[in-house]
Amino acid sequence: MAIHQILQYPDERLHTIANKVSAVTETTRKFINDMAETMYAAPGIGLAATQVDVHQCIIVVDASETHDKLIAFINPELIACSGESECEEGCLSVPGIYEKVRRAKKITVRALNVEGETFTLDAEGLLAVCIQHEMDHLQGKVFVEYLSHLKQTRIRSKLKKRRRETM
Ligand code: K2U
Ligand code: ZN
């Protein structure tokens, strides 16, 4: 397995729209294993293929307290959502930034699993937040884009300053 480098905002590649996976192959399964390893090592509770510069509709999520319940979603689609809730979010591509975002409270997602079989999942709470956050990544959207332009400008400046200091 391999740990991939995670793109850092405001890298333009984070705004790429991912392509549907046409067939789930051994190569797909190996990549998903790499994504999971990369996510757990970060550490995080979700990761989208976009974040490792692979523009395929694949996300992995593990919102369990024991960090041993990985769910892989291939070609995920939101087929139902209800309610609204606000949650403080972070992102492995925007380190050190945590801001509140409003999202659907309950969702139903349809996707392919690693065997290429269709499944649906009802989710709420942190799992629902994480799945929506990762599905945004597949559409080229980073969570800071829900914030005001002023906040986005301040975040870009903060990250650029931090990068200059670490060079
Ligand atoms: O996309 C990512 O960068 C993964 C996020 C997923 C996430 C974002 C917001 C809310 C929940 C999950 C990372 O896991 S950010 C780290 C983190 C960990 C636990 C709870 C919140 C954020
Ligand atoms: Zn993220």
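Order of listing sets the numbers, starting from 1, for every ligand and every atom in it. Both backbone and side-chain heavy atoms feed into the values below; hydrogens, waters and symmetry mates do not. Residues take their numbers from the sequence shown, with the count starting at 1.
The shortest contact between atom 18 (C) of ligand 1 and any protein heavy atom is with Ile45 CG1, 4.0 Å. For atom 3 (O) of ligand 1, the closest non-hydrogen atom on the protein side is Leu92 N, 2.6 Å. For atom 10 (C) of ligand 1, the nearest protein heavy atom (residue, atom name, distance) is Val129 CG1, 3.8 Å.
By the rule that hydrophobic residues join a cluster once side-chain heavy atoms approach within less than 4.5 Å of another member, Val109 and Phe143 end up as members of separate clusters.
Numbered from 1 in the order shown, with element, the atoms of ligand 1 that lie under 4.0 Å from a heavy atom of Gly90 read 8 (C), 9 (C), 15 (S). Each of the following atoms of ligand 1 lies closer than 4.0 Å to a heavy atom of Leu126: 11 (C). Counting the atoms of ligand 1 from 1 in the order shown, those under 4.0 Å from a heavy atom of Gly46 are 2 (C), 4 (C), 14 (O). Each of the following atoms of ligand 1 lies closer than 4.0 Å to a heavy atom of Gly44: 14 (O). Each of the following atoms of ligand 1 lies closer than 4.0 Å to a heavy atom of Cys130: 6 (C), 12 (C).
With the Zn ion (ligand 2) at the apex, His137 NE2 and Cys91 SG define an angle of roughly 110° (rounded to 10 degrees).
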task = Would you please test His133 and Tyr146 for ring pair (Phe, Tyr, Trp, His ring centres under 6.0 Å) and show each step?
result = CA-CA 11 Å; His133 177 110; Tyr146 288 99; 9.0 Å; no
Derivation and outcome, salt bridge (charged side-chain N to carboxylate O under 4.0 Å, His left out), residues Lys151 and Glu99 = CA-CA 10 Å; Lys151 274 196 172 181; Glu99 292 285 348; 2.9 Å; yes
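Heavy atoms of Met39 come nearer than 4.0 angstrom to ligand 1 in no pair at all.
For the pair Asp136 (side chain) and Lys141 (backbone), a donor-acceptor distance under 3.5 Å is absent.
Summary: NE2 is the N/O/S atom of His133 found nearest to the Zn ion (ligand 2).
Inclusion of His137 in the set of residues having an N or O under 3.5 Å from an N or O of ligand 1 is warranted. By the 3.5 Å distance cut-off applied to N or O atoms, Glu134 is counted among the residues near ligand 1.
For atom 16 (C) of ligand 1, the nearest protein heavy atom is 4.0 Å or more away.
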